[in-house]
Amino acid sequence: MRASDRAYAALLDQIQSGDLAPGTVLAEVEQAARLGVSRTPLREALGRLAADGLVVQQSPRVTVVSDIDVADIRALFEVRRALEETAARLAATRADADVFAALAVEFAGVGALDRDDGRDAYYALIARFDAQLDAAIDNDYLTSALRGIRTHLVRVRRLARDIPERLAASVAEHRLIASAIADRDADLAAHATHVHLHNALTTILASLDAPSALKGTA
């Protein structure tokens, strides 16, 4: 892996996990030393993160982790709803039904969401569901747009609290989506996706005490 790719992957993970909170200044010399790369590949990594919308260049030498507030989250979900409902409809007409039937069975077996390992296993299952959805729709433009949205969604999930009750409901919602795709019911797949995203957004917004909590100042 190139030095710039390593730096990008490390910074992306730290931003998404919250280790690098919104507003954190990413000084070139400090970050290059910390990540064990020279300043040129670090600049390339920061440029990619800026293109992702995860950092902001405040001056030629000052880069900070971008803020994310309630308005950003609402806007993100507006785009997410359009993309994911379309993807669900397409998958219901194009997917391998057996693949999504098997995913529905896996969602039915999810448990222990009150523990870190259980939540990690659930998020890994979601990642596999997303990968199969991308493969099923077979549309590079749509999957590229979805990847961009998911980059920010990881960050939003970490900024909001993990609520076991909501995660349990999300499991049931994903099971219904997977089952609808397996049954080739495009209307149900899109509607179930709509309900899932509505519930997810409502819970995320309710879990935040104030917009300032998103900016690392709460």
Side-chain angles (χ1 to χ4, degrees), residues 13 16-18 73-208:
D13 178 69
Q16 290 181 325
S17 69
I73 292 173
R74 289 187 184 278
L76 179 68
F77 269 77
E78 287 175 359
V79 178
R80 185 186 182 193
R81 184 175 295 119
L83 295 176
E84 292 196 9
E85 289 181 29
T86 298
R89 282 189 177 280
L90 291 175
T93 64
R94 300 176 181 178
D96 182 332
D98 291 340
V99 168
F100 282 87
L103 285 167
V105 170
E106 287 195 66
F107 281 116
V110 169
L113 292 171
D114 57 339
R115 301 202 313 260
D116 287 343
D117 58 345
R119 288 191 292 269
D120 289 343
Y122 170 61
Y123 287 130
L125 178 56
I126 292 294
R128 288 195 288 113
F129 173 86
D130 288 343
Q132 291 295 343
L133 190 71
D134 291 350
I137 62 180
D138 191 27
N139 183 317
D140 290 342
Y141 297 105
L142 182 52
T143 54
S144 177
L146 283 168
R147 280 195 297 273
I149 290 295
R150 289 168 189 154
T151 296
H152 293 276
L153 284 174
V154 174
R155 193 181 183 202
V156 170
R157 287 193 192 114
R158 298 299 184 186
L159 289 170
R161 296 193 306 267
D162 281 324
I163 303 173
E165 294 81 7
R166 172 56 204 150
L167 291 178
S170 179
V171 170
E173 291 159 8
H174 275 93
R175 180 186 180 188
L176 179 57
I177 296 168
S179 295
I181 292 173
D183 292 340
R184 305 208 179 282
D185 189 333
D187 287 340
L188 178 57
H191 179 69
T193 299
H194 179 91
V195 170
H196 166 65
L197 297 181
H198 170 80
N199 292 340
L201 176 59
T202 299
T203 301
I204 287 171
L205 296 180
S207 73
L208 302 173

Q: Would you indicate whether the side-chain heavy atoms of T151 and R147 approach each other to under 4.5 Å?
A: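 No - every pair of side-chain heavy atoms lies 4.5 Å or more apart.
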Q: How long is the gap from CG on L76 to CZ on R155, to the nearest 0.5 Å?
A: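 Answer for the CG-CZ pair, L76 versus R155, is 10.5 Å.
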Q: Hey, could you give me the NE2/CZ distance between H196 and R175, rounded to the nearest 0.5 Å?
A: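 It is 16.0 Å, given to the nearest 0.5 Å.
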Q: Grab the two heavy atoms, one from L167 and one from Y123, that are nearest each other, plus how far apart they are.
A: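 That would be CD2-OH, 3.8 Å.
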Q: So, does S170 use its side chain to make a donor-acceptor pair with the main chain of R166 at under 3.5 Å?
A: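 Checked: no pair found.
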Q: Within this structure, what is the CD-CG distance for the pair E85 and L197, rounded to the nearest 0.5 Å?
A: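 It comes to 6.5 Å.
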Q: Quick one: closest heavy-atom pair of S179 and A104, and the distance?
A: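 What the structure gives for the nearest pair is OG-CB, 3.4 Å.
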Q: Using 0.5 Å steps for rounding, measure from the CZ atom of R81 to the CD1 atom of I149.
A: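 Going from CZ on R81 over to CD1 on I149, the span is 12.0 Å.
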Q: Taking all atoms of both residues into account, what is the closest heavy-atom pair of V110 and L113, and its distance?
A: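 Looks like CG1-CD2, 3.9 Å.
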Q: Give me the ring orientation class for H174 and F129: parallel if the planes are under 30° apart, tilted from 30 to 60°, perpendicular past 60°.
A: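 Geometry flag for F129 against H174: perpendicular rings.
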Q: Examine distances only and state if a side-chain atom of S144 and a backbone atom of Y141 form a donor-acceptor pair shorter than 3.5 Å.
A: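 It does not hold such a pair.
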Q: Counting only heavy atoms not in D120, do more than 12 sit closer than 6.0 Å to its CG atom?
A: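 Yes, CG of D120 has more than 12 neighbouring heavy atoms, counting only those of other groups under 6.0 Å.
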Q: Looking at R74, I want to see if its CZ is surrounded by more than 12 non-hydrogen atoms of other residues, nucleotides or ligands under 6.0 Å.
A: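 No.
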Q: Rounded to the nearest 0.5 Å, how far does CG of L142 lie from CG of D134?
A: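 Going from CG on D134 over to CG on L142, the span is 8.0 Å.
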Q: Name the one of D187, D185, I137 that satisfies side chain to side chain contact (heavy atoms under 4.5 Å, CB included) with R89?
A: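 That would be D187.
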Q: Output the distance between atom CG (L153) and atom CZ (F77), rounded to the nearest 0.5 Å.
A: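 L153 CG to F77 CZ: 5.5 Å, rounded to 0.5 Å.
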Q: Looking at every heavy atom in both A186 and A92, which two are closest together, and how far apart are they?
A: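 Result for this residue pair: CA-CB, 3.6 Å.
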Q: Are side-chain heavy atoms of L188 and L176 found at a separation under 4.5 Å?
A: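 The answer is yes, as the side chains (C-beta and beyond) meet within the 4.5 Å cut-off.
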Q: Go through the steps to decide whether D130 and R150 satisfy the test salt bridge (Lys or Arg N to Asp or Glu O under 4.0 Å), and finish with yes or no.
A: CA-CA 10 Å; D130 288 343; R150 289 168 189 154; 3.7 Å; yes
Q: Do the side chains of L133 and I181 get nearer than 4.5 Å, heavy atoms only?
A: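 Yes, at least one pair of side-chain atoms sits under 4.5 Å.
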